[in-house]
A.B. asks: 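Can you read through this structure? Questions will come right after.
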Amino acid sequence: MKKIITGLIMFLFLIVTVSAVLFYFIFTNDLKDQLVRTNVELLDHMEQKLDLVLKSIDNEAIQLVQYDEIKTFFDDSMPQGERTENDYRIGSHIDRLIRSNEYLFSVDIYSYSQDRLVSGDILTEEMRLKDYAWIGQFAQFDGYSNWLASRKLLISNSNFPIYRNVVSFVRTYPLIHSTGARKGAIAFNLKEEMLLPLIHHEGDAQGLNLVLDKGGLVVLHPDESKLGENMGSTPFVAQMASEGKSIGYFHAKVENKDSIVFYKVNPYTGWRITRIVSEIELNKPLTVIRNTLAVLSGLILLTAAVLALAVGRWTFKPLNRFLGTISSRLNAVTPGHTGEAEGDGFRILESRFEDFLVNSEQLQQQVRETKPILKWQLVIELLSDSKINISNTRQHMGMLGIQLDMNRFVVMVAEFDQRNESLTAQDTHLYNYALCNVAEELIQAEGKGVAIELENGCCAILMSFQDSGVEAELRASVVADLIKNYVAENFKRTVTIGVGGLAESAGEISQSFKQACDVLAYRLILGSNMVITRDDVQSDESAQYYRLVAMTDGMMDSLKLLDGEKLKAQTDRWFEAFTQYGVPPEMIRQLNLQCLMKAAVVAGEAGIEPEQFRMPQEMSDALNQYDSLDEMKGFILTMLREYMDLIRTKRGKREKSDLIVKVLDYINRDFGRADLSLNLLADELRVSVSHLSRLFKEQTESNFIDYLMNLRINQAKRLLMETDEKIKVIAEAVGYSNVNTFIRIFKKLTALTPSEYREQRQEQQE
């Protein structure tokens with residue numbers, strides 16, 4: 001036993017030592033490569049951030065040169081009075097540019113032919129040698145633009161001069177010119193302290209990051225005293241230049257420390273982005289791994305020795321007695337092996353454990369195969385009318401992977417479209433299986449739920465909600481829309497989903513399921529690839545009310561257009577409809593109150609202050625005191641005219657923008673284009689989308705989408721009344737390529753479908 005223990009300890013020592021050494025060398029080599037790649041990728045990241053800022057400055061310079069005022073500045077023949085005014089406008093452009101760009105400190109524009117700056121400063125010889133040295137350097141520069149290294153720019157020349165470190169970008173005027181045709185130059189001075197965080201942050205204690213220009217001058221450095229210093233003669237800088245590579249690294253001594261120098265040449269500026277990492281810092285992770293492996297190896301060897309000594313105290317007799325006890329117990333479970341030799345304990349024990357593992361695997365396989373069936377059966381019982389005891393089933397839901405909040409429920413039924421495709425039953429099952437998995441994942445964002453495949457090829461999705469203060473059906477519709485979009489994007493198929501009503505208890509789940517199946521059947525009418533709710537298929541029980549509400553839309557349009565005569569005629573027809581339909585008095589007061597509230601909204605959009613409006617309670621009290629429709633109509637007309645006068649006064653104070661006039665002409669002319677958008681107009685008129693959106697809303701008191709949508713729907717109303725064209729033709733004529741989208745928007749704005757609107761107008765004309 002001693003020989004065996006000694007041999008075992010030596011064998012373990014050999015295995016642990018060899019494994020530790022091999023692991024150390026393999027892992028450290030890989031770690032070194034990873035550290036090198038990490039530093040190179042860090043250089044790439046710094047270059048990308050620096051490139052983004054510098055190129056944006058270059059773009060700003062190109063855009064600034066395009067201004068007419070800049071071109072006029074370099075015109076030698078301009079009179080002095082006009083030149084002063086032009087310089088003022090250029091100063092405004094520069095101020096706006098500096099305020100909009102946090103990296104920009106100042107902009108200098110210099111004319112070589114006039115020998116003057118746009119700021120009007122008189123250049124002394126001292127200024128030419130210091131702050132404006134770039135003027136002389138750039139006069140003979142062979143190129144169109146250049147990035148200069150960091151320099152100190154004088155801000156205040158008092159008893160205690162104040163300087164600022166800047167990095168300058170100089171571009172010629174004109175942008176492209178022949179030799180001798182250069183008229184001037186524009187210098188953009190960037191704040192060095194804003195550029196430094198792009199390559200350096202305080203938490204990076206492992207390395208030093210700096211930027212050098214082609215000549216070795218320091219462009220960016222964490223130490224301000226190093227800025228502008230010429231490091232071209234430094235050994236590691238000279239070695240970078242001599243290698244002639246755009247990217248690389250090498251070992252060198254930097255400030256008497258063994259270091260690794262990583263560098264990358266930026267093709268845009270020609271600068272060298274450099275990172276210097278001390279080899280001591282770089283090897284710290286390797287030292288930690290080596291020490292850790294040594295400690296672990298020692299602990300493993302010590303543990304192995306202790307265990308070997310402990311095992312050595314055992315004798316074969318206790319071991320055989322233990323094996324015999326285990327074998328006798330296993331024989332009681334598997335009596336078929338009683339004929340085996342009693343002395344071969346290890347073989348008997350191995351056979352018994354093998355049988356035990358086989359039986360365990362078979363049992364686990366049976367459980368895995370049975371789980372989906374049990375899950376499907378339990379959900380089917382919840383969806384059906386069968387009465388089950390929820391308290392008894394909840395304890396089994398966790399085992400089956402079902403997570404439900406037993407408070408409120410909504411059932412959704414989903415079915416893939418294109419059922420006539422030649423798909424096998426297996427393919428259909430796989431699609432439904434994937435759909436159920438997707439549904440369960442997306443449900444987790446809004447609540448808890450479960451999804452199963454039904455026998456008719458559909459999928460049932462049961463969604464539960466713990467809280468009771470939100471619209472559960474609306475949240476379920478949002479999840480259904482997410483499922484539909486995910487299927488379209490990833491499965492390249494379409495699916496239609498029916499959403500049932502809210503079930504306040506588990507006993508009402510079957511009713512919600514039936515409602516979901518019923519609304520799904522409306523796919524035949526509403527079309528496929530949709531989320532269908534009960535609101536989409538329920539009949540309008542108050543069509544009369546919504547028809548009267550829709551009539552106020554035209555009145556609001558007349559109010560916006562300040563058309564008093566048309567507004568009066570529309571109001572007269574509206575009150576005639578009250579008598580024609582026999583509307584109850586309370587409903588008339590409610591409709592009139594809503595009309596006045598809508599007028600207040602229109603006036604608010606026109607910029608009228610809320611203090612100038614009457615309070616809703618005041619208007620309601622005023623409506624309640626009238627006993628005849630004529631008096632009430634007079635009050636409504638008086639209120640609408642007050643709003644009209646307020647809007648007219650407000651608009652009279654606002655200057656109309658020529659740009660918006662062009663936009664409105666474009667929209668009124670080409671509203672039938674399906675691709676008409678704010679981006680298209682911004683590209684056509686060469687302005688930014690944000691500027692055009694803001695100006696459009698200020699001048700029209702409406703955003704672009706609402707304005708275009710109302711214009712199209714008004715044109716559609718006219719076509720519905722004046723022509724007998726089909727709904728699809730009218731939809732395309734006003735810019736909607738999808739007739740379902742047109743019908744949905746038309747109904748949202750008028751409370752009527754296009755067909756109902758045409759029928760109603762025809763009845764009114766008769």
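Numbering of residues begins at 1 and proceeds along the displayed sequence.
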A.B. asks: Let me confirm one number: the CD-CD distance from Gln590 to Gln594, rounded to the nearest 0.5 Å.
C.D. replies: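 So the gap between those two atoms works out to 5.0 Å.
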
A.B. asks: Is there a donor in the side chain of Tyr666 and an acceptor in the side chain of Arg673, or the other way round, less than 3.5 Å apart?
C.D. replies: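 Present: a donor and an acceptor within the cut-off.
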
A.B. asks: Does some side-chain heavy atom of Ile647 sit less than 4.5 Å from a side-chain heavy atom of Val602?
C.D. replies: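 Yes, their side chains come closer than 4.5 Å.
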
A.B. asks: For a 4.5 angstrom cut-off between non-hydrogen side-chain atoms, does Leu720 reach Arg761?
C.D. replies: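 They are not in contact (no side-chain heavy atoms under 4.5 Å apart), so the answer is no.
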
A.B. asks: Using the side-chain contact (heavy atoms from CB on, under 4.5 Å) rule, take Leu623 and Ile636 through it: C-alpha gap first, then chi angles, then the decisive distance, then the call.
C.D. replies: CA-CA 9 Å; Leu623 289 171; Ile636 294 297; 4.1 Å; yes

A.B. asks: To the closest 0.5 Å, what do you measure between CE (Met587) and CG (Asn592)?
C.D. replies: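 CG of Asn592 is found 12.5 Å from CE of Met587.
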
A.B. asks: State which residues pass ring-ring contact (aromatic ring centres under 6.0 Å, His included) with His93; sequence neighbours excluded, sorted by chain then number.
C.D. replies: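 His93 satisfies ring-ring contact (aromatic ring centres under 6.0 Å, His included) with Tyr67 only.
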
A.B. asks: Under 4.0 Å between a side-chain nitrogen and a carboxylate oxygen: does that hold for Arg758 and Asp724?
C.D. replies: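 No, no charged N to carboxylate O under 4.0 Å.
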
A.B. asks: On a heavy-atom basis, which atom in Ile497 and which in Ala414 lie closest, and how many Å separate them?
C.D. replies: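 The pair with the smallest heavy-atom distance is CG1-CB, 3.8 Å.
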
A.B. asks: For a quick test of your reading: what N or O donor-acceptor pairs under 3.5 Å do the side chains of residues 99-107 make, sequence neighbours left out?
C.D. replies:
from, atom 1, to, atom 2, distance (Å)
Ser100, OG, Arg96, O, 3.2
Ser100, OG, Leu97, O, 2.9
Asn101, OD1, Tyr103, N, 3.0
Ser106, OG, Asn189, ND2, 2.8

A.B. asks: My understanding is that only residues two or more places apart in sequence, or in another chain, count here; which of them pass ring-ring contact (aromatic ring centres under 6.0 Å, His included) with Phe746?
C.D. replies: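 Testing Phe746 for ring-ring contact (aromatic ring centres under 6.0 Å, His included), a comparison that skips the adjacent residues, returns Phe742, Tyr757.
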
A.B. asks: Considering all heavy atoms of both residues, which atom of Gly501 and which atom of Ser512 are nearest to each other, and what is their separation?
C.D. replies: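 Smallest interatomic distance, heavy atoms only, reads O-OG, 2.6 Å.
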
A.B. asks: Could you go step by step and tell me if Val663 and Leu695 meet the side-chain contact (heavy atoms from CB on, under 4.5 Å) rule?
C.D. replies: CA-CA 11 Å; Val663 171; Leu695 194 59; over 6 Å; no

A.B. asks: Would you give the length of the straight line joining atom CG of Asn529 to atom OG1 of Thr496, rounded to the nearest 0.5 angstrom?
C.D. replies: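 Rounded to the nearest 0.5 Å, the CG-OG1 separation comes to 6.5 Å.
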
A.B. asks: In chain order, what residues pass the side-chain hydrogen bond (donor to acceptor under 3.5 Å, both in side chains) check against Thr750, with sequence neighbours excluded?
C.D. replies: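 Scan of Thr750 (side-chain hydrogen bond (donor to acceptor under 3.5 Å, both in side chains), adjacent residues dropped) gives none.
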
A.B. asks: Check this for me: does any side-chain nitrogen of one of Asp645 and Arg648 sit under 4.0 Å from a carboxylate oxygen of the other?
C.D. replies: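 Judged by the 4.0 Å cut-off on N to carboxylate O distance, Asp645 and Arg648 do form a salt bridge.
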
A.B. asks: For Leu548, is there any backbone N or O sitting under 3.5 Å from a side-chain donor or acceptor partner on Thr552?
C.D. replies: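 Judged by distance alone, no pair lies under 3.5 Å.
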
A.B. asks: Can you confirm whether Ile743 sits close enough to Pro754 that some side-chain heavy atom of one is under 4.5 Å from a side-chain heavy atom of the other?
C.D. replies: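 SC-SC contact between Ile743 and Pro754 confirmed.
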
A.B. asks: Centre of Phe465's six-membered ring, under 6.0 Å away, within 45 degrees of the axis: is that where NZ or CZ of Arg475 sits?
C.D. replies: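 Verdict for Phe465: no cation-pi partner in Arg475.
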
A.B. asks: Please examine the side chains of Met709 and Tyr736, heavy atoms only from C-beta on, and report whether any two atoms are closer than 4.5 Å.
C.D. replies: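 Side-chain contact under 4.5 Å: yes.
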
A.B. asks: We want to know whether Gln570 and Arg573 form a side-chain donor-acceptor pair, criterion being a heavy-atom distance below 3.5 angstrom.
C.D. replies: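 The criterion, which ignores hydrogens and geometry beyond distance, is not satisfied for Arg573 and Gln570.
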
A.B. asks: Determine the minimum heavy-atom distance between Met632 and Ile588, stating which atoms define it.
C.D. replies: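 Here Met632 and Ile588 meet closest at SD-CG2, 3.8 Å.
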
A.B. asks: Could you pull out the closest heavy-atom pair between Met551 and Ala577, with the gap in Å?
C.D. replies: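 Closest heavy-atom pair between Met551 and Ala577: SD-CB, 4.2 Å.
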
A.B. asks: Testing Thr571, Asp572, Thr638 for side-chain hydrogen bond (donor to acceptor under 3.5 Å, both in side chains) with Lys633, which one passes?
C.D. replies: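 With Lys633 as partner, side-chain hydrogen bond (donor to acceptor under 3.5 Å, both in side chains) holds for just one option, Asp572.
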
A.B. asks: Would you check if there is a donor-acceptor pair between the side chains of Asp417 and Thr494 at a distance under 3.5 Å?
C.D. replies: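 Distance-only check passes for Thr494 and Asp417.
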
A.B. asks: Evaluate the side-chain contact (heavy atoms from CB on, under 4.5 Å) criterion for residues Thr533 and Glu473: first the C-alpha distance (whole Å), next the side-chain angles of each, then the deciding distance (0.1 Å), finally the verdict.
C.D. replies: CA-CA 9 Å; Thr533 64; Glu473 293 183 55; over 6 Å; no

A.B. asks: Any heavy-atom pair between the side chains of Asp553 and Asn710 that's under 4.5 Å?
C.D. replies: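 Of all side-chain heavy-atom pairs linking Asp553 with Asn710, none is under 4.5 Å.
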
A.B. asks: For Lys747, check salt bridge (charged side-chain N to carboxylate O under 4.0 Å, His left out) against everything at least two apart and list the hits.
C.D. replies: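 Listed in chain order: nothing, the list is empty.
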
A.B. asks: Working to the nearest 0.5 angstrom, can you tell me the gap between Leu482 CG and Ser477 OG?
C.D. replies: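 If I round to the nearest 0.5 Å, the distance is 11.0 Å.
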
A.B. asks: Any chance you could lay out the salt bridge (charged side-chain N to carboxylate O under 4.0 Å, His left out) test for Asp75 and Arg83, step after step, and finish with the verdict?
C.D. replies: CA-CA 9 Å; Asp75 185 1; Arg83 186 179 301 282; over 6 Å; no

A.B. asks: Between Arg712 and Phe671, is there a donor-acceptor pair closer than 3.5 Å when you use the side chain of the first and the backbone of the second?
C.D. replies: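 Looks like yes, one N/O pair under 3.5 Å.
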
A.B. asks: Is any side-chain heavy atom of Met556 less than 4.5 Å from a side-chain heavy atom of Cys595?
C.D. replies: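 Side-chain contact under 4.5 Å: yes.
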
A.B. asks: Could you go through residues 676-692 and list every donor-acceptor pair under 3.5 Å that involves a side-chain atom there, pairing it with any protein atom two or more places apart or in another chain?
C.D. replies:
from, atom 1, to, atom 2, distance (Å)
Ser677, OG, Leu680, N, 3.3
Ser688, OG, His691, N, 3.2
His691, ND1, Arg694, NH2, 3.0

A.B. asks: With rounding to the nearest 0.5 angstrom, report the CE to CG distance, Met463 to Leu502.
C.D. replies: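 Spacing of CE (Met463) from CG (Leu502) equals 11.5 Å.
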
A.B. asks: Taking all atoms of both residues into account, what is the closest heavy-atom pair of Met639 and Met619, and its distance?
C.D. replies: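 Closest pair (atom of Met639, atom of Met619, distance): CE-SD, 4.1 Å.
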
A.B. asks: Kindly determine whether Phe704 and Tyr707 satisfy ring pair (Phe, Tyr, Trp, His ring centres under 6.0 Å), including the steps that lead there.
C.D. replies: CA-CA 5 Å; Phe704 173 81; Tyr707 185 94; 8.0 Å; no

A.B. asks: Counting only heavy atoms not in Lys484 (residues, nucleotides, ligands), do more than 12 fall under 6.0 Å from its NZ?
C.D. replies: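 Yes, enclosed.
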
A.B. asks: Measuring from atom CG of Asn86 to atom NZ of Lys71, what distance do you get when rounded to the nearest 0.5 angstrom?
C.D. replies: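 Asn86 atom CG to Lys71 atom NZ measures 12.5 Å (nearest 0.5 Å).
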
A.B. asks: So Phe73 and Tyr173, ring pair (Phe, Tyr, Trp, His ring centres under 6.0 Å) or not? Walk me through it.
C.D. replies: CA-CA 11 Å; Phe73 171 75; Tyr173 180 86; 8.9 Å; no

A.B. asks: For the backbone of Ile62 and the side chain of Gln66, can you confirm whether one donor and one acceptor N or O come within less than 3.5 Å of each other?
C.D. replies: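 Yes; at least one donor-acceptor contact below 3.5 Å.
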
A.B. asks: Any chance CD of Glu489 has more than 12 other-residue heavy atoms, nucleotides or ligands included, within less than 6.0 Å?
C.D. replies: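 Open.
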
A.B. asks: Quick one, Ile109 and Phe74 - any side-chain contact, counting heavy atoms below 4.5 Å?
C.D. replies: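 Heavy-atom side-chain distance check passes, below 4.5 Å.
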
A.B. asks: Which heavy-atom pair separates Gly498 from Ala516 by the least distance, and what is that distance?
C.D. replies: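 Scanning both residues, the minimum pair turns out to be O-CB, 3.6 Å.
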
A.B. asks: Does a side-chain heavy-atom distance below 4.5 Å link Ile660 with Phe696?
C.D. replies: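 The answer is yes, as the side chains (C-beta and beyond) meet within the 4.5 Å cut-off.
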
A.B. asks: Starting from the C-alpha separation in whole Å, work towards a yes-or-no answer on side-chain contact (heavy atoms from CB on, under 4.5 Å) for Ile461 and Ile483.
C.D. replies: CA-CA 11 Å; Ile461 305 168; Ile483 296 172; 4.0 Å; yes

A.B. asks: Does the Glu756 side chain pair with the main chain of Thr753, one donor and one acceptor, at a distance under 3.5 Å?
C.D. replies: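 Side chain of Glu756 to backbone of Thr753, a donor-acceptor pair under 3.5 Å: yes, one is there.
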
